[in-house]
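All remarks here apply to the structure that follows.
Naming convention: chains lettered A, B, ... in sequence-line order (proteins, then strands); numbering from 1 in each chain.
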There are 2 protein chains.
Amino acid sequence: MENAAGWDTPMWHTTGFRLIKLGELAQAATAAVFAPQQITSRQFHVLSAAASMPTPSQKELSRVLGVDPNVMVGLIDDLEEQGLARRERNPRDRRRYIVTPTEKAERILEEARRSVARAEEEFFAALSEQEVAVLHELSGRLLTSHPRVTKYE
Amino acid sequence: MENAAGWDTPMWHTTGFRLIKLGELAQAATAAVFAPQQITSRQFHVLSAAASMPTPSQKELSRVLGVDPNVMVGLIDDLEEQGLARRERNPRDRRRYIVTPTEKAERILEEARRSVARAEEEFFAALSEQEVAVLHELSGRLLTSHPRVTKYE
DNA sequence: CCGTCATCGTTTCACTCCCAAACTATATAA
DNA sequence: TTATATAGTTTGGGAGTGAAACGATGACGG
């Protein structure tokens with residue numbers, strides 16, 4: 001088997017191990033992608049999810065993103081401080097907030113999405129377009145075949 | 001696209017995101033695999049790597065596994081306390097240890113390897129044998145196409 | 001209307017994990 | 001011998017996480 005850049009663990013030949021390492025690699029890559037936008041990948045996901053939901057409460061965001069609600073508090077705090085999101089009370093249920101991305105956040109999201117697209121191209125440069133499609137499909141099927149990792153549902 | 005069990009993030013359609021989640025999933029699955037053996041996946045990797053090297057020093061194990069040397073100290077400490085590894089001074093270089101798995105560790109490794117094989121079958125149950133092979137190969141190519149995530153080389 | 005219970009957001013605490021820096025013992029080279 | 005480098009260790013700070021408790025609000029049954 002091939003073994004170019006230091007992947008010489010006995011576990012190298014197991015597929016599960018490769019998936020774990022590949023996940024770490026992708027994680028590191030995405031972190032680097034968002035650095036120029038001055039946001040973390042977590043923040044990007046929160047904003048992205050909030051922008052796609054009608055009246056996102058912190059609880060709903062927690063559930064969707066698999067993040068503990070008490071962590072979401074700090075996440076939204078930071079977004080507010082950076083002027084990327086606002087907390088408005090939900091008039092239908094005054095316990096809940098509606099987390100709303102600001103216009104500044106919308107602009108950053110737009111730019112970030114383009115960066116993600118570029119980064120993906122680069123990340124998968126070693127694979128043909130067709131192979132990436134296969135990987136995409138297999139990953140999706142594998143994920144949906146398993147119960148979710150996180151709680152907070 | 002399909003969307004069975006709560007994977008309804010806007011990022012769901014990006015391959016990188018799927019790889020991250022898949023890595024987390026695999027991580028959780030392997031942790032569960034080793035629980036009956038009373039070891040962590042980290043410990044398994046250390047023992048497995050040590051068993052495959054002629055005179056493994058802690059530094060070498062750190063490099064191979066991508067773990068900080070000062071973390072390796074605690075890892076080996078735990079293994080010693082559990083009677084799974086011994087530290088012997090390397091007579092060629094008395095600064096170094098030779099980390100040697102005990103017989104108990106060898107037995108556990110053997111058993112654990114079988115568990116891993118079973119777990120992989122289960123984990124990839126949603127895919128055909130051929131598809132798993134494809135995933136294996138693509139993952140490998142992708143990993144070797146990137147510089148390693150970790151330092152300590 | 002009122003009391004009870006559930007839910008949302010929040011705070012706090014304990015715990016783990018990681019990295020950087022300093023320290024020791026030993027090895028290597030001038 | 002002296003100076004420098006390396007292996008292993010210890011320590012401290014910072015980040016992330018989960019459990020528990022709390023105040024505010026809502027839902028519901030009497």
Salt-bridge contact Glu60(A)-Arg63(A) (side-chain N to carboxylate O under 4.0 Å): no
Between P of dA7(D) and CD of Glu88(B), the distance in whole Å: 19 Å
Rounded interatomic separation in angstrom, taking CZ from Arg94(A) and C1' from dG23(D): 14 Å
Donor-acceptor pairs under 3.5 Å, side chain of residues 41-49 of chain B to any protein atom, not counting sequence neighbours: which ones?
unit_1: Gln43(B); atom_1: OE1; unit_2: Thr40(B); atom_2: N; d: 3.0

Stepwise salt bridge (Lys or Arg N to Asp or Glu O under 4.0 Å) check, Glu24(A) with Lys21(A): CA-CA 5 Å; Glu24(A) 292 174 6; Lys21(A) 288 302 173 189; 3.4 Å; yes
Salt-bridge criterion met for Arg107(A) and Glu110(A) (N-O under 4.0 Å): no
Interatomic distance where CG belongs to Asp68(A) and P belongs to dC15(C) [whole Å]: 18 Å
Taking every non-hydrogen atom, the tightest pair across Ala85(B) and Thr102(B): N-CG2, 3.7 Å
Over 12 non-hydrogen atoms of neighbours within 6.0 angstrom of CZ in Arg87(B): yes
Interatomic distance where CG belongs to Leu75(A) and C1' belongs to dG18(D) [whole Å]: 16 Å
Contact pattern, 5' to 3', of nucleotides 4-10 of chain C - B, S or - by protein heavy atom under 4.0 Å: --BBSSB
Residue-level proximity of residues 33-47 of chain B to DNA chain D when a heavy atom falls under 4.0 Å: none
salt_bridge(Glu111(A), Arg114(A)) N-O dist < 4.0 Å: yes
Where Ile20(B) and Gln27(A) come nearest, the two heavy atoms and their spacing: CG2-OE1, 3.4 Å
